[in-house]
S.K.: 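First, the structure itself, so that you have it in front of you.
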Amino acid sequence: MSELLTITLPDGSARQVAPGTTPAQIAAAIGPGLAKAAIGARVDGELFDITRPLEHDARLALVTARDEADALELVRHDFAHVLAEAVQALFPGTQITFGPSTDDGFYYDFAPKDRPFTEDDLPAIEAKMREIIAADKPLRREVWARADLIARWQATGESFKAQWAAELPEGEELTVYWSGDDWFDMCRGPHLASTGKLDPAAFKLTRVSGAYWRGDQSNAMLSRIYGTGWLTKKQLDAHLTRLEEAAKRDHRKLGAEMDLFHLQSEAHGSVFWHPKGYRIWRELEAYMRRAIDGAGYREVKTPQVMDARQWEASGHWGKYRENMFVIPDEVPNTDDDGPVISGEADWMALKPMNCPAHVLIFRQGIKSYRELPLRMAEMGCCHRNEPHGALHGIMRVRQFTQDDGHIFCREDQIVDEVAQFCQLLDRVYKDLGFPKYAVKLALRPEKRFGSDEMWDKAEAELREAVERAGMATPEFGWEELPGEGAFYAPKLEFHLTDAIGRTWQCGTIQSDRVLPERLDASYIGEDGNRHRPVMLHRAILGTFERFIGILIEHFAGRLPTWLAPVQAVVATIVSDADDYAQHAVATLAAAGIRVESDTRNEKINLKVREHSLQKVPFLLVVGKREAEEGTVAIRRLGEQAQQVLPLAEALALIKAEATAPDLV
RNA sequence: GCCGCUUUAGCUCAGUCGGUAGAGCACAUCAUUCGUAAUGAUGGGGUCAGAGGUUCGAAUCCUCUAAGCGGCACCA
């Protein structure tokens with residue numbers, strides 16, 4: 001009846017097959033090995049069920065475990081479905097909603113019948129999932145008419161699915177996947193041929209959480225179950241090991257162990273920096289000061305509390321008031337029983353950001369175009385009353401200090417300033433041990449200030465600057481993110497990659513024409529008229545709190561010597577060496593090394609262990625021999641080998657590493 | 001803020017059926033002077049997160065509050 005299809009394989013060869021032939025049949029025709037290994041297909045580049053009939057001429061590539069990204073996508077998507085099937089089997093009346101694959105597994109959101117799921121439910125669900133996998137139920141794709149599908153969902157009490165089916169775009173083919181003959185889910189696919197293709201030992205349900213229907217806070221709270229899923233148990237085990245390794249780097253754990261800082265409920269969301277933690281801060285801050293001084297910034301310090309009218313003018317009061325710490329501009333009533341505030345108070349607010357204050361400094365006096373670009377910097381301490389659920393260690397806090405800066409410049413200086421900033425940031429990240437980072441451009445959001453022309457221009461400028469800085473390349477992971485910009489400006493984002501491959505957005509630069517307008521900043525141009533400057537908001541670290549947290553996790557606590565709170569410890573073996581140890585400490589300290597002595601009456605084994613756990617980069621062991629010879633036995637953190645050196649040479653060795661990279 | 005879980009000594013954690021609190025580490029004292037990841041002995045240390053309730057009796061059961069953890073949402 002119909003003509004044969006021409007299917008082109010990756011090696012360029014072509015096969016003529018009847019319409020309705022499946023990729024699985026073609027794999028079988030090629031060879032039994034491939035037939036066994038193939039779990040999916042790419043048809044004209046699109047991921048495709050291996051059992052789905054081909055209907056057109058196409059390029060076909062069979063997917064096996066070797067095509068890891070595709071294979072994992074298929075497998076994780078299937079695990080999500082098996083999870084949903086298992087939950088409905090164990091908890092009748094639970095509605096299914098949505099369950100995609102993720103970076104390391106899958107999740108599924110349910111509308112539970114009577115109570116949300118807890119972690120105690122997970123073992124039973126896992127067991128049921130294994131039953132479904134063992135049953136090797138075929139997964140079969142079917143196309144449904146929208147009305148039939150909605151009716152079906154309504155009949156089975158699946159109101160979320162019914163709503164979704166009703167709202168899917170016109171013209172989209174609605175497909176369902178059957179698991180055997182007794183369960184199905186609406187799904188775009190693709191899926192494996194049957195549940196038995198999954199490795200029952202290669203997944204694990206990891207946690208439960210709440211999640212809003214369609215990610216919208218105003219919608220119903222669903223109950224989400226997360227799992228991690230892989231092709232093999234070996235991959236799963238490797239993943240679990242990676243998680244354990246990441247947990248060992250947790251800055252909250254290391255911060256306590258290394259006595260760097262603490263948090264407590266009396267000031268939740270604000271950090272108590274201990275001497276050692278604050279030493280890291282001071283070194284980092286000193287480094288940043290040198291960096292911005294060298295880049296032509298002038299540092300300022302602005303008020304912590306400003307009148308609410310100022311925040312109204314800047315637009316923050318209207319948009320972010322809920323997240324600001326607001327203070328009545330009135331002396332509180334000290335009566336025990338009376339109201340704390342009487343009458344109508346005027347309001348002030350702790351600053352949630354530095355930019356309005358910087359505009360106020362800019363506005364002092366008349367500025368000439370000759371003074372631009374004017375680069376203003378501040379180690380600005382800000383407060384934001386973040387939602388409680390958002391707080392996380394020292395990474396997300398309510399009081400934080402930004403390495404903030406605002407460049408006031410003319411239109412024609414923007415591209416150059418942004419490109420220069422990119423260069424400064426590159427230097428800083430490399431100095432701080434992050435050679436790899438990605439650059440992204442966040443484009444206009446839906447809700448925004450300013451005209452489309454302004455946004456066109458602002459986005460184009462940032463794009464051009466990145467190109468000029470040589471960062472608009474795949475090496476920098478260059479991409480544009482529609483809708484992600486701030487309400488007043490597009491922003492360049494800089495995402496660090498840490499030692500275990502996680503990414504952290506830290507740096508940013510945004511070109512803002514809104515705030516200078518709102519706060520009436522102007523300069524006198526060459527033509528003698530008033531002009532609006534453009535304001536470039538920029539930060540490299542982001543905040544000191546978060547960046548130090550990232551440093552701790554990146555280095556697993558083993559900070560480079562120049563940042564380490566204690567750079568060396570002189571530890572004695574016998575008390576006869578105490579005097580010599582003090583001499584060694586004094587010698588190193590005089591050269592600016594942060595050094596401590598450990599003359600406790602303890603065994604050297606204990607001292608080595610403790611200072612190693614404290615991540616001290618250099619341990620200098622002195623016994624009778626060293627005291628007599630004027631040497632020290634150097635043991636570097638993480639190494640067992642020791643090197644006996646004259647004190648002066650040891651000092652030179654340590655000094656070389658204890659010097660900040662920009663001072664070398 | 002929302003969902004779930006958690007909160008017991010400075011830290012990490014046991015604590016069964018509701019019957020009045022335990023370990024290791026840390027700390028203190030004493031002994032030990034020792035060569036590269038934990039020397040030994042002895043001792044002190046608790047309003048079981050807070051408030052209320054049930055009960056003859058609550059670390060344990062219930063309610064509320066707070067904080068922490070994992071997510072969701074938020075992140076100027």
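Everything numeric here is computed off the predicted structure, so don't read it as measured data. Labels below follow one simple rule: chain letters A, B, ... track the order of the sequence lines, proteins then strands, and each chain is numbered from 1.
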S.K.: Mind checking side-chain hydrogen bond (donor to acceptor under 3.5 Å, both in side chains) for Arg546(A) and listing every partner two or more places apart, or none if nothing turns up?
M.R.: none

S.K.: What is the base-pairing partner of rA21(B), counting Watson-Crick and G-U wobble geometry with both distances under 3.5 Å?
M.R.: none

S.K.: Need to verify one output field. Residue with the more 5' nearest nucleotide on RNA chain B, Leu222(A) or Val622(A)?
M.R.: Leu222(A)

S.K.: Which of residues 388-400 of chain A have a heavy atom under 4.0 Å from RNA chain B?
M.R.: His388(A), Gly389(A), Ala390(A), His392(A), Gly393(A), Arg396(A)

S.K.: Confirm from the modelled atom types if Arg214(A) and rA73(B) form a donor-acceptor pair under 3.5 Å, side chain to base only.
M.R.: no

S.K.: Please identify each residue that fulfils side-chain hydrogen bond (donor to acceptor under 3.5 Å, both in side chains) with Glu257(A), with sequence neighbours left out.
M.R.: Lys253(A)

S.K.: Produce a footprint string for nucleotides 5-10 of chain B: one letter per nucleotide, 5' end first; B if the base is under 4.0 Å from any protein heavy atom, S if only the sugar-phosphate is, - if neither.
M.R.: ------

S.K.: Could you tell me which residues satisfy side chain to side chain contact (heavy atoms under 4.5 Å, CB included) with Glu517(A), sequence neighbours excluded, listed by chain and number?
M.R.: Arg532(A)

S.K.: Using the P atom as the point on both nucleotides, what is the distance between rA41(B) and rU36(B), in whole Å?
M.R.: 23 Å

S.K.: Any donor-acceptor pair under 3.5 Å linking the side-chain atoms of Gln95(A) with those of Thr97(A)?
M.R.: no

S.K.: Mind running a 4.0 Å heavy-atom check of residues 502-519 of chain A against RNA chain B and sending the residues that fall below it, in number order?
M.R.: none

S.K.: Taking N and O atoms by type only, does the side chain of Glu626(A) place a donor or acceptor under 3.5 Å from a partner on the base of rG35(B)?
M.R.: yes

